Amino acid sequence: MPSSVKSAPSSASNGHAPRITGKATPSKLQANKMVFYFGKSKTEGNATQKVLLGGKGANLADMCSIGLPVPPGFTITTETCAAYYRAGQRLPVGLMNEVHKYVNLLEKETGKKFGSAENPLLVSVRSGAAVSMPGMMDTILNLGLTDAAVEGLASKTGNRRFAFDSYRRLINMFGDVVMGVPHDMFENAFKAIKAKYKAEDDTDVPEEGIIELCEAYKEVFRKRVGEMFPQNPFKQLELAIEAVFKSWNGERAVAYRRLQGITGLTGTAVNIQAMVFGNMGDTSGTGVAFTRSNTTGENKFTGEFLINAQGEDVVAGIRTPRPTDEIAKWDKKVYDQLQKIKVKLEKHYKDMQDIEFTIEDGELYMLQTRTGKRTGQAAVKIACDMVKEKLITEKQAVVRIPAGDLYQLLLPSFDQSKKKTAEKIAEGIPASPGAAVGKLAFTAAEAVDRAHKGEKVILVRTFTSPEDVEGMHSAAGILTSTGGRTSHAAVVAAGWGKCCVVGANELLIDEKAGTMTVGKRVLTRSDVISLDGTTGEVMIGTVATTEPKLSSDFQTVMRWADKYRTLAVRTNADTPADARRARDFGAAGIGLCRTEHMFFDSQRITAMREMILAETVESRVKALDKLLPFQRDDFVGIFTAMKGLPVTIRLIDPPLHEFLPHDDKGQHEVAKALGVTVDKVRLRVQQLHEANPMMGHRGCRLCVTYPEILKMQVRAIVEAYLDCVANGIKAMPEIMHPLVGTQKELNFLRELTLQTIEEVKKEKGWQKRIEIPIGTMIEVPRAAVTADQIAHHADFFSFGTNDLTQLTFGYSRDDVNNFLPDYLHRELLETDPFVSLDTSGVGELVKMGVSKGRSVNDKLKVGICGEHGGDPKSVHFCHTAGLDYVSCSPYRVPIARLAAAQAAILAENAGK
Ligand code: PEP
Ligand code: MG
C-alpha cells in the first residue's frame with residue numbers, strides 16, 4: 001500500500017498519477033477565496049486544482065472550460081473545510097455570504113430562482129476530496145425544494161407527480177444524510193403508501209400517493225429531528241454544506257483513508273450544482289460509463305443507463321440498468337453526442353474516463369468525469385492503444401500502469417461473476433496471488449501423497465516450516481491460520497508464484513483430527529475450498545477460474561520498460577524450473593538461490609540429519625559427502641537454466657533445528673533411518689533449541705562453527721561450474737555469505753571459500769582462472785554501518801531486507817502479525833515494513849551501506865534480495881539509492897522491470 005495518496009493514474013498531461021500532497025497551493029490572489037464558480041458565464045477553477053477543489057470540482061470546472069454541457073454550479077474549497085475544523089467545527093465567517101452571491105450567479109445563468117414558487121432553482125450537493133473517497137457524504141439531490149417551491153416546479157414542468165417525487169426524494173436524502181434519520185423509517189412510510197395504493201413498484205404509486213408520501217416523510221423528519229423540515233432553501237444549503245464537512249471525519253471516511261494509506265489531505269470540497277432531471281419522463285435518463293472497458297481495456301464505451309431515473313437509482317440497484325449501447329436505439333442524437341464527448345474527454349485527459357451523465361428531456365448533461373479505475377489487463381491494453389493513437393508517449397504509458405497490477409496478468413484468477421455467489425468462510429492475508437481450488441490436506445506428507453495420486457489439494461496448516469516444502473510444492477495452494485507476509489509459507493509460496501493465504505485466524509486447524517473448523521462449520525479432507533491469494537478470501541466449494549494469456553500488449557510494455565530502466569532485475573530462485581520461469585519473465589540472473597531448500601527433499605534430508613547429528617568432524621564430513629552430489633546436480637541444473645547469466649548462491653542460512661523433527665513420531669523415524677537411539681535425536685533437538693533462533697546459530701555463523709559445510713557447498717558449486725564448462729554451458733556462479741556482521745567474519749569466510757576453490761581446481765587439474773565473485777548479504781544493521789570495512793572483503797553486497805527490517809525494527813518476521821495490525825490501525829506505521837521498505841529507517845541503512853561500501857570499492861556491485869525487491873515502491877527507492885539490481889520472486893520480475901522503468905522516468909522528469 002503506498003504511503004501517500006493512492007489513486008488511479010490520473011489525467012495529468014504527463015500521463016502519470018500526480019503525487020497529491022496535503023498542501024493546497026492557491027495563488028496569492030486566490031488565497032482566501034472560498035468559492036469557485038463553473039458555468040457558461042465564467043469558470044474560475046481548472047483541472048490542476050484538485051487539492052483545492054477536489055477531483056470532482058476541478059474536473060467540473062475543466063469540463064466547462066472545454067465546452068462540454070455541464071450544469072453550472074460552484075465549489076467550496078477543501079481549504080474552507082480545513083478552516084471549518086480549525087474554527088472548532090464552525091462555518092468560516094463570510095462563507096454563507098459568498099454562497100448567497102454564488103447562488104445569485106447561478107440564478108442568473110439558469111433563469112431560475114432558489115426557493116421560488118414559480119420557477120425554482122434546485123441544486124445537488126456533493127462532497128469531493130482530492131482523491132475519490134467512498135465513505136464520505138452521499139449526494140443530496142433536489143435541494144431547494146420547499147412546500148412553496150414544489151408547487152413552482154409542478155406548474156413549471158406541468159408534471160405534478162414528478163415535482164412531488166423530487167420533493168420526497170429530497171426529504172428522504174436530506175433527512176438521512178444530513179440529519180441522520182434512519183433510512184428504514186422513510187422506507188416504512190413508503191411501504192405503507194405502496195400498500196395503500198396497491199402499488200408494486202415505486203413508479204406505480206399515483207400522484208396523490210406521492211403527495212401523501214411527502215407529508216408522511218415530513219412527519220418522519222419532524223418526529224426524529226424534533227423540528228420541521230426546513231422551508232428556507234438557504235437553511236437547507238447551510239446544513240448540507242456543514243454535513244459534507246462533517247463527513248470528512250466520519251468513521252467510514254477515516255477508515256477508508258487509513259486503509260488506502262491516504263495521508264496529508266486537509267478536507268473535502270463541496271460541489272453545489274444546478275439540478276438537471278433524468279426522471280422527467282421517457283425522454284429523460286441517467287447513466288454511468290467508462291470511455292473504454294475497465295476490465296478488458298477494449299476501446300468501447302462501456303456502461304449502464306436507466307430511462308426516467310435519477311442518479312441514485314442506477315447506483316441503488318433497485319431497477320436493472322441497461323447497457324449504454326442501447327442508448328443508440330433509445331435516442332440516437334444523445335448516443336452520437338456521447339461518442340463525441342468520449343473522444344473529446346480522452347483527447348483532453350489523455351486517459352480513460354469514468355463519467356456520469358443525465359439526459360433531461362433529450363438534452364445531455366455531463367455531471368462528472370474522472371480517471372477510471374481498471375484491471376491490470378485493461379491498464380496494459382489502454383496504455384498500448386493510447387500510444388498507437390498518439391494520445392500519449394511510450395514513457396507516459398510506462399509510468400501510468402500500476403506495476404503491481406501486472407501480477408493479475410500472470411496468474412489464473414477466479415471468475416469475478418462466479419465469485420459473487422460463492423460462500424466465503426474466512427479471510428486472511430493475501431500472501432501470494434492466484435486462484436487455487438482443492439480438497440483439504442493437513443500435513444505436507446499427505447499433500448505430496450494425494451497430489452501424486454492426481455488430486456488437487458490445498459495444504460492447510462497452522463503455520464509451515466521448511467519440513468513442509470515438498471507438500472507446499474505439491475499443493476495447489478497454501479492456507480495457514482497464523483503468520484504474516486514474511487512467514488515461511490508466504491515467502492516460499494510467493495517465490496513459486498503459488499497461491500497462498502496466511503494468518504486466516506478465524507480458522508481452527510486440527511492436524512490430528514483432520515478438521516478445519518470455522519464457527520460451527522467443520523471441514524474435513526473431503527471438502528473442497530477455493531483460495532483467492534489476491535484478496536485473502538477463503539471460499540467453500542469450487543469457484544471457476546480463468547487462465548491468463550500473455551498478450552502482445554504485455555510484451556510491448558515490457559519492451560518499453562527495458563528501454564527506459566537502468567536497474568537490472570534478477571530473481572530469487574532455487575530450482576531449474578523457477579529459474580527458467582524467471583528467465584522467461586525477463587530476469588537477468590539469479591540474485592538469491594537459497595541452498596537450504598534443496599536439503600528438504602526426502603533423499604537428502606536423511607544425509608542432512610546425519611550431518612547434524614554427527615559428533616565428530618569426520619562423521620560430519622562423511623554425511624556432507626553424501627549431500628555433495630545432490631548439491632552439485634542442483635547447481636548444474638540451475639546454471640544450465642541460467643546459462644550466460646549470473647547466479648548468486650547463498651550458503652546455508654537457517655538454524656539447524658529446522659532440519660530436525662520436533663514431534664515424537666518424526667524423531668523415531670529419524671532414529672530408525674540413521675540407526676541411532678531416539679534419545680540421541682531428542683538430545684540433539686534439545687541442544688539445538690534456542691530462545692531466539694532468528695538471532696541465533698544461523699547464517700554464516702554455521703560455517704564459522706562447521707567450516708566443512710562451507711567447503712562442501714563451495715566444492716559443489718565449483719564442480720558444477722566445471723561440469724557445465726565441459727558441456728559448453730556458460731556458468732556464472734557468485735558465492736554469497738549470509739548474516740555477516742563484522743569484517744573479520746567475512747574475511748575468514750572469504751579466505752576459506754578461496755582456499756576451497758583452489759583445492760577443487762587443483763584436484764580437477766583445472767589450469768585456467770575461475771571467475772567466482774564472493775560477496776555478502778547485508779542484513780545485520782552492523783554490516784550496513786561498517787560497510788566500508790566489510791567491502792574490503794566483498795565483490796558484491798546484496799541487501800537482505802527481510803532480516804535487515806527484522807533486526808532494525810526488532811520485529812520478529814514470524815510473529816509481527818500479532819501486533820502489526822494494531823500499528824497500522826493506529827497509523828503508528830504507514831505500511832507493513834516487511835512489504836514496503838521503510839525508507840526512512842531501513843532505507844537509511846541501505847543508503848549508508850551503499851555509499852560506505854563504494855567508498856572503498858567503486859566496483860562493488862550492489863543489489864537487494866529481500867521480498868522488497870519485487871515491491872514497486874521499494875524498487876523506486878532502490879533506483880534512487882543507486883543499487884545495480886533488485887532480485888525478486890519469478891512472478892514479480894515483470895513488476896520489478898516496470899517499476900524500475902517508472903523510477904527512471906520519474907527521476908528524469910523530476911530533474912528536468
Ligand atoms: C533476507 O533476509 O532479506 C533474505 C533475503 O534472506 P532470508 O529471507 O532467506 O532470510
Ligand atoms: Mg535473511
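The model shown is predicted, which means the values in this text are computed figures rather than measured ones. Read the numbers this way: they start at 1 and go in the same order the structure lists the ligands and their atoms.
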What do you reckon, does Glu596 have a nitrogen or oxygen under 3.5 Å from a nitrogen or oxygen of ligand 1?
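It does not: no N or O of Glu596 is found under 3.5 Å from an N or O of ligand 1.
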Gly800 N/O to ligand 1 N/O under 3.5 Å:
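Indeed, backbone or side chain, Gly800 has an N or O that close.
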Compute the minimum heavy-atom distance from His868 to ligand 1 and say whether it is under 4.0 Å.
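Under 4.0 Å: no for His868.
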Does ligand 1 have an atom under 4.0 Å from some heavy atom of Arg650?
yes
Does a side chain donor of either [X] or [Y] reach within less than 3.5 Å of an acceptor in the other side chain?
X	Y	result
Gln806	Asp803	yes
His737	Thr753	yes
Ser798	Arg650	no

Under 4.0 Å, heavy atoms only, figure out whether ligand 1 is touched by the backbone of [X], its side chain, both or neither.
X	value
Arg594	side chain
Thr801	backbone
Leu592	side chain
Arg813	side chain
Met736	neither

More than 12 non-hydrogen atoms from neighbouring residues, nucleotides or ligands closer than 6.0 Å to CZ on Phe630, yes or no?
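It does: Phe630 CZ has more than 12 such atoms within range.
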I'd like to know whether OH of Tyr823 has more than 12 heavy-atom contacts from other residues, nucleotides or ligands below 6.0 angstrom.
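Not buried by this count: 12 neighbours or fewer within 6.0 Å.
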Look at the rings of Phe799 and Phe797 and say which category their plane angle falls in: under 30° parallel, 30 to 60° tilted, over 60° perpendicular.
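Answer is perpendicular, since the angle exceeds 60°.
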Per-atom contacts of ligand 1 with [X], taking only distances under 4.0 Å to non-hydrogen atoms:
X	answer
Arg698	10 (O)
Asn802	1 (C), 2 (O), 3 (O), 4 (C), 5 (C), 8 (O)
Met777	4 (C), 5 (C), 6 (O)
Glu779	1 (C), 2 (O), 4 (C), 6 (O)

Output the distance between atom CZ (Arg594) and atom CG (Leu651), rounded to the nearest 0.5 Å.
14.0 Å
Selected option - heavy-atom contact closest to atom 5 (C) of ligand 1, from Cys865, Ser798, Pro738, Gly869:
Cys865
Salt-bridged, Glu844 to Lys847, with N to O below 4.0 Å?
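Yes, this pair counts.
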Between Arg698 and Asp653 (salt bridge meaning N to carboxylate O under 4.0 Å), is one present in this structure?
yes
Scanning both residues in full, the closest heavy-atom pair of Lys852 with Ala784 reads CD-O, 4.3 Å
Count, excluding waters, the protein N, O or S atoms that are closer to the Mg ion (ligand 2) than 2.8 Å.
2
Do any side-chain atoms of residues 895-904 form donor-acceptor pairs under 3.5 angstrom with protein atoms, and if so which ones, sequence neighbours left out?
{"unit_1": "Arg897", "atom_1": "NE", "unit_2": "Asp562", "atom_2": "OD1", "d": "3.1"}
{"unit_1": "Arg897", "atom_1": "NH1", "unit_2": "Phe585", "atom_2": "O", "d": "2.5"}
{"unit_1": "Arg897", "atom_1": "NH2", "unit_2": "Asp562", "atom_2": "OD2", "d": "2.7"}
{"unit_1": "Gln902", "atom_1": "NE2", "unit_2": "Val398", "atom_2": "O", "d": "2.8"}
{"unit_1": "Gln902", "atom_1": "NE2", "unit_2": "Val399", "atom_2": "O", "d": "3.4"}
{"unit_1": "Gln902", "atom_1": "NE2", "unit_2": "Ile401", "atom_2": "O", "d": "2.6"}

When Glu610 is tested against each of Arg604, Arg684, Lys626 for salt bridge (charged side-chain N to carboxylate O under 4.0 Å, His left out), which residue passes?
Lys626
In sequence, state the C-alpha distance, the side-chain angles, and the governing distance for His657 and Glu690, and then conclude on side chain to side chain donor-acceptor pair (under 3.5 Å).
CA-CA 9 Å; His657 79 90; Glu690 289 176 311; 5.7 Å; no
